[in-house]
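Letters A, B, ... are given to chains in the order of the sequence lines, protein chains preceding strands, and every chain is numbered from 1.
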Number of protein chains: 2
Amino acid sequence: MNNTTLKKLSEISGLSISTVSRALKNHPDISEKTKSLINELADTLDYEPNVNAVYLRTKHTRLFGVIVPSISNFFYDSVIATLEVESRKNNYSLMILQSGDDPNIEIANIKLCHQNRVSGLFACITPETKSIEPFQKLAELDVPVIFFDKVPDSSGCHKICVADEQAASLAANLIVEKQKKKVLALFENSKLLITKKRHETFTEIMRTHGIECISEFALNHYEAEKLTDAFLNEKPDAIFCMTDEILTGVMKSVQKRHLQLPDDIGVIAISNGFIPTLYYPQITYIETSGEKLAELAFQSMMTTLSGNTTIHDEMIDSRLVAGGSM
Amino acid sequence: MNNTTLKKLSEISGLSISTVSRALKNHPDISEKTKSLINELADTLDYEPNVNAVYLRTKHTRLFGVIVPSISNFFYDSVIATLEVESRKNNYSLMILQSGDDPNIEIANIKLCHQNRVSGLFACITPETKSIEPFQKLAELDVPVIFFDKVPDSSGCHKICVADEQAASLAANLIVEKQKKKVLALFENSKLLITKKRHETFTEIMRTHGIECISEFALNHYEAEKLTDAFLNEKPDAIFCMTDEILTGVMKSVQKRHLQLPDDIGVIAISNGFIPTLYYPQITYIETSGEKLAELAFQSMMTTLSGNTTIHDEMIDSRLVAGGSM
DNA sequence: ATGAAAGCGCTAACAA
DNA sequence: TTGTTAGCGCTTTCAT
């Protein structure tokens, strides 16, 4: 079976295509009688406007693209979930693309967005992204690009980030407050800006307060677990986890040794908030909310789309969520 | 700036639009010289075909839709991740929609898919979905609809599911094997087919082997935690968790009481495989893989799209993954 | 080897 | 209040 078109509706009703079109959009020129007639007809024939044809006339797709490293991730899944809800609320749809942290796939994905003539793009770049030129070309075509979470160094583009320094310092200050003496601090890929910021801020505060700090870098939870296994022997009285990924590794090691939190050792993480709730006692964490980030990114998209030319470079405040692990 | 079109390329090169179009698709009629000329030009001007215009001619969107209850979920995130990868491999894009388990949103989402003229739809229905008519209307328009995970009762539609009976019986049989005497079995929303199947199979095996079984239903992890808190007093020697969501609640309660697995109590779950690895010892679970399910669903989509009219009604085999919790 | 032209479904300016 | 028409970007049949 074929899709119902305006033409079909026009033929059946005996009215012209433009009258049908106008009736369907509730145009004031059209009589109520005609409107209800057409609407009823459209209803029974399951008419749905063809967005492809609409685009050709209006140059507006009502489609957003979003590129993330991976959807299966405690953080990005919540970002995407929020973007999808916001998009739908505003009559937009969401096309998702994963880069797998591969810059070539990233470029292919940008191309796909271009081919689909997305109205806007939300993008989280890979650690290997050296040039954002492909993104900028899209932007030159009046397609707003809102970078989020992992953003380029360059200025002049929209960036919505987690307040890394603030998050790291909130965590560090709690450790100071709790009068810890020796901290094991675990970080992710040292290439990432996010890692650099969190590492720098955290270790600086440790230094200032004369707290001994063992800094290690783990690429995944497994490495985090092994590092914790190893450094637990040095008897730290607190562990700082830069991300949820790290936290899961650390907790494996902690449970393995039957350590009781917070008495045997303190644990604090920077987290999206889900993983910390899986443990008892709940892990004390600094919340970096994917939902909030997505909301802000979406807002930037909409204001940019509405003609505002301000460059958005914003941060999501983080906050301490007290669990029972420190 | 405007997008480069065939017309623009034609004007600049002095060749006709059709020649440009053919050159770009490597048509044998076109001379090599012309081809390389046009390709170069297209490259420097960042020409990307407009899929909306292409659709209008070809009636082919190369866009799939997927509807899930929520993206932030241990299972669906992996399904979507796999669908996205497969789609991209096959030159399709993926539009995601969340229903939030609300049948009205579900219908609105189907409409969106229709409006976007998706080439196919992957759908996981809500517990409240009473009629699949809206889906079938899409199917009548030659848009294959592949139901997955939570599927309608009705026959005659494509369904890819987890082998619920098999998974439940694998779990039950392990409990029998381990000679457990009293089991607390926690299930999700009793309205769901998936719940009914798992519940029926599991309890039946318990009955056959004369194992005492306390069956309870929890709508979320919080309820699961509370139920565990309560029924732990009745001293079960094993807990069966129907899903990851249930498992997280159960483990909160188990950790709260400092119970050691598997000595104090045994725990077994049906799971996608991620959550069980967060604990030490790792939770023994029956794997129901979102990746495998998505792969099979995608395969069904492609064969259906290629003209094969077989109705796919398949199951993903599950398997026991031994952890240290039983 | 290349070009002309029609038409996909829709919107909107202009006409009536 | 309704109709006519042009054109968005592309593919493809039919010329040349």
Between [atom2] on [N] and [atom1] on [X], what's the gap in Å once rounded to a whole number?
X: B:Leu24; N: D:dT12; atom1: CG; atom2: P; result: 14 Å
X: B:His60; N: D:dC10; atom1: NE2; atom2: C1'; result: 16 Å
X: A:Gln115; N: D:dC10; atom1: CD; atom2: C1'; result: 13 Å
X: B:Leu15; N: D:dC10; atom1: CG; atom2: P; result: 16 Å

*Using only side-chain N and O atoms of B:Thr19, determine if any of them is under 4.0 Å from OP1 or OP2 of C:dT2.*
no
_Just by distance, no angles: are the side chains of B:Asn308 and B:Ser306 close enough, under 3.5 Å, to form a donor-acceptor pair?_
no
*Cut-off 3.5 Å, side chains only: do B:Thr61 and B:Ser119 have a donor facing an acceptor?*
yes
_Close side-chain approach of B:Leu24 to B:Leu9, heavy-atom, < 4.5 Å_ = yes
*Side chains of B:Arg117 and A:Val51: does their closest heavy-atom pair fall under 4.5 Å?*
no
Check: residues 296-304 of chain A side-chain donor-acceptor pairs under 3.5 Å, at least two apart:
residue, atom, partner, partner atom, Å
A:Ser300, OG, A:Leu296, O, 3.2
A:Ser300, OG, A:His312, ND1, 3.3
A:Thr303, OG1, A:Gln299, O, 3.4
A:Thr303, OG1, A:Ser300, O, 3.1
A:Thr303, OG1, A:His312, NE2, 3.3
A:Thr304, OG1, A:Ser300, O, 2.7

*Using the C1' atoms of the five pairs at each end, what is the angle between the end axes of the helix from C:dA1-D:dT16 to C:dA16-D:dT1, to 10°?*
40°
For residues 37-44 of chain B, please give each side-chain donor-acceptor pair under 3.5 Å, one per line with the distance, not counting sequence neighbours.
residue, atom, partner, partner atom, Å
B:Asn39, ND2, B:Lys35, O, 2.9
B:Thr44, OG1, B:Leu41, O, 3.0

*May I ask you to check whether A:Phe274 and B:Phe74 place their ring centers less than 6.0 Å from one another?*
yes
_Among residues at least two apart in sequence or on other chains, which ones pass side-chain hydrogen bond (donor to acceptor under 3.5 Å, both in side chains) with B:Asn73?_
none
*Could you give me the CA-CA distance, side-chain angles and deciding distance for B:Leu293 and B:Val162, then say whether side chain to side chain contact (heavy atoms under 4.5 Å, CB included) is met?*
CA-CA 7 Å; B:Leu293 187 149; B:Val162 156; 4.0 Å; yes
*Quick one: what's the B/S/- string for nucleotides 7-16 of chain C, heavy-atom cutoff under 4.0 Å, read 5' to 3'?*
BBBBBBB---
*With no hydrogens and no angle check, is any side-chain donor or acceptor of A:Gln98 less than 3.5 Å from a backbone partner on B:Ala81?*
yes
*Without swapping roles, check the side chain of A:Ser10 against the backbone of A:Leu15 for a donor-acceptor pair under 3.5 Å.*
yes
*Can you list, by residue number, the residues of residues 27-41 of chain B that have a non-hydrogen atom closer than 4.0 angstrom to DNA chain D?*
none
